[in-house]
Amino acid sequence: MGSKRHFRVWRGDSSGGDLQDFDVEVNEGEVVLDVIHRLQATETPDLACRWNCKAGKCGSCSMEINGKPKLGCMTRMSTFEEDETVTITPLRTFPIIRDLVTDVSYNYEKARETPAFAPPAGLKPGEYRMQQIDVERSQEFRKCIECFLCQNTCHVVRDHEENKEAFAGPRFFIRAAELDMHPLDAKSDRKEYAKEHQGLGYCNITKCCTEVCPEHIKITDNAIIPMKERVVDRRYDPLVWLGRKIFRRDQLENEPAHAGVGGSGGGENMAPSNSRGVTGDAAGVPHSSGRLPEPPHLGPDGKLDVAELLSQRPGGPSPFGDEQTFPLPADRVTYHHPEPGKDDDPDQGGREH
Amino acid sequence: MTTTATRPDAGRSRAAIAAKTLRTDRWWFPPLITFLGLGAWVTYATVRVFMHKWYFVEEYHYLTPFYSPCITERCVPEAALFGRFLPDWWIIPEASLTLPFLLLFRLTCYYYRKAYYRAFWMSPPACAVPDGHQKYTGETRFPLLGQNLHRYAFYAAGIISVINTYDAIIAFRSGDGGFGFGLGNIILVGNVVMLWAYTISCHSCRHIIGGRLKHFSKHPVRYRMWGFVSRLNAKHMQLAWITLGTLALTDFYVMAVSAGWISDLRFIG
Ligand code: SF4
Ligand code: SF4
Ligand code: FES
């Protein structure tokens, strides 16, 4: 049977806020996110919280529970004592939007800056062949659900806002490692990139990212330290440096020979993307001059339109418009078929779906 | 119902949470024991290194790892397998050839870095607990840029482990020069085995042995070695502490036998 437990939840927005006290019923098997939902259903219908899957797979419900960065949907109430007060706060490292919702644009902007996978020259999609043991290491990092708990916990940006420009954070170190260890990635200077543009040197391997990762990715041992060692290979190893000078052996063994070679800064092909994102968080733009998150459109009474409730049928409206029937007539199709000539023949256009 | 939406205002600041940390567990406990443990060990080692006595049991050829190889003029000739070429000045440790490298190896070790950054430098003391410093540049500048020397310290530590192994082997000796075997031998060998395990489990070793490769499939032998080192590497922290223990124990045992506080428990000879 359920029992009442005591909670403190941070409520507010960027103009300020505080911890508010609630007594909420908790039933067996429930998680912290259930409690948030019960609060929304009862005392505080306007409590803001981001969530999607309630299965620890979407990475939306990141919050701090008793000071520890965790997924709300994966934190069981049974891990607390009956009489323990549970304090729930938003992620500290990112600008607050409201209540438990923060603006995590920093992470998306750092993601945009990271150069994408580059297939080897001469290989067409469909011709990629890899062996399992070669992709194993990269696969660990693909488990990432982008909850950004690691980014939030890392003291480099959590305690030093000014480092945001120089430091990409553990989530993007695993991305760099994933691609550097990828058997088919043709870019050989990801280590240089990690050092020069991601600020790998800021990490002092204190392992908090690994401690909070809900996917149990060994971020520090399997990505950051190997990347630091790879940087040592290229930059701080006098033997390698000498060998390179003498034999002009510019590539480490077994790396594709056609990739770009960089001096400092990672070479031309490893320049970070110019794409900056809109809020400027990742570029270190001070909060006051970054672009603001946009509010939803409010009606004259200050309330949101909730279209779904008014719709005659269940589910959201069709993105093609409600009057559409399928298959689409050829003249309504708005894209070109990639193969020449196909556009002219509606029967072979591959448009019907 | 109250309003359903707020307009974000121009602040774009972090959530105003007054408490520096809201952690309710004993987050200060691990850094505290690390601080005490490392502090105690360093104190013991410093005292012992500058004691300049009780480092050798001549009868059974037990030499403490803190004095190996013994290279000052003060050394007992039987213990000085590499010659005695350094002056007899108190500030010079008997093992001046190896101690600086061992110190560098442990100081730049990826595990000890975590341990002392947290416990001594408070950067950060624990996760989601604020860093004790205003400014932070991590390992991007001198002197911490020097942490990248870990690899060379690892090479040196490998060589020193060979010397320690030799010390442990020639200690199988009885009082009259024949084969002998006592409790001291078990301790010396145990220490050397653990030192090897710690040294091989090093992150730099893991990288050199195979981690740096892009295609494991082309290097099956190195891949297997990498797998082995990776398994050891997962225990690097435990091995770091175990070797501190075995080093101190070995040294203490040799000191106790050498000073005559106890006598070696002999099984053979
Ligand atoms: S190990 Fe490095 S990246 Fe991870 S939390 Fe610590 S400083 Fe940040
Ligand atoms: S690495 Fe782990 S903690 Fe970081 S974003 Fe991915 S899943 Fe979350
Ligand atoms: S709601 Fe998807 S991870 Fe928690």
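Per chain, numbering begins at 1; letters A, B, ... match sequence-line order.
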## Note on the structure
When every non-hydrogen atom of A/R92 is compared with those of B/A19, the smallest separation belongs to NH2-O, 2.7 Å
### Task
Report yes if the side chains of B/I17 and A/P90 come closer than 4.5 Å at any heavy-atom pair, otherwise no.
yes
### Query
When only heavy atoms count and the cut-off is under 4.5 Å, which of residues 193-209 of chain B reach chain A?
B/H203, B/S204, B/R206, B/H207
### Query
Residue by residue, which of residues 110-122 of chain B have a heavy atom closer than 4.5 Å to a heavy atom belonging to chain A?
B/Y110, B/R113, B/K114, B/Y117, B/R118
### Task
Please list all pairs passing the salt bridge (Lys or Arg N to Asp or Glu O under 4.0 Å) test where one or both residues lie in residues 16-38 of chain B, with sequence neighbours left out.
A/K68-B/D25, B/R23-B/D25
### Task
Please name the pair of heavy atoms, one in B/T24 and one in A/E84, separated by the smallest distance, quoted to 0.1 Å.
OG1-OE2, 4.1 Å
#### Entry: A/E81 CD: over 12 foreign heavy atoms closer than 6.0 Å
no
### Message
Does B/F216 form a side chain to side chain contact (heavy atoms under 4.5 Å, CB included) with A/Q132? I'd like the steps, not just the answer.
### Response
CA-CA 10 Å; B/F216 280 149; A/Q132 178 56 33; over 6 Å; no
### Query
Does any heavy atom of chain B fall under 4.5 Å from the side chain of A/E211, the backbone, both, or neither of them?
side chain
### Query
So what's closer than 4.5 Å to chain B heavy atoms on A/E64: side chain, backbone, both or neither?
neither
### Test item: B/R212 side-chain N/O and A/D233 main-chain N/O as donor-acceptor pair under 3.5 Å
no
### Task
Name the option with the most non-hydrogen atom pairs under 4.5 Å to chain B; the candidates are A/T220, A/V156, A/T153.
A/V156
### side-chain contact (heavy atoms from CB on, under 4.5 Å) partner of A/H155, chosen from B/P125, B/P124, B/P130, B/C127
B/P124
### Task
Find the one option among B/N233, B/L149, B/T137, B/T21 whose heavy-atom pairs under 4.5 Å with chain A are most numerous.
B/T137
### Message
If we define contacts as heavy-atom pairs under 4.5 Å, which of A/D134, A/V212, A/D159 has the most with chain B?
### Response
A/D134
#### Entry: Heavy-atom pairs under 4.5 Å with chain A, option from B/G138, B/A18, B/A16 with the top count
B/A16
### Task
State, to 0.1 Å, how close A/P69 and B/A128 come at their nearest heavy-atom pair, and which atoms those are.
CD-CB, 3.9 Å
### Task
Classify the angle between the aromatic ring planes of B/Y136 and A/H160 as parallel (below 30°), tilted (30 to 60°) or perpendicular (above 60°).
parallel
### Query
What are the two closest heavy atoms between A/T89 and B/L22, and how far apart are they?
CG2-CD1, 3.4 Å
#### Entry: Exceeds 12 heavy-atom contacts within 6.0 angstrom, atom CZ of B/F35
no
### Message
Are there over 12 heavy-atom neighbours, none belonging to B/F228, within less than 6.0 Å of that residue's CZ?
### Response
no
### Message
I'd like to know if the side chain of B/S13 and the backbone of A/S14 have a donor-acceptor N/O pair within less than 3.5 Å.
### Response
yes
## Note on the structure
Residues of residues 141-148 of chain B with a heavy atom under 4.5 Å from any heavy atom of chain A, in residue-number order, are B/L145, B/N148
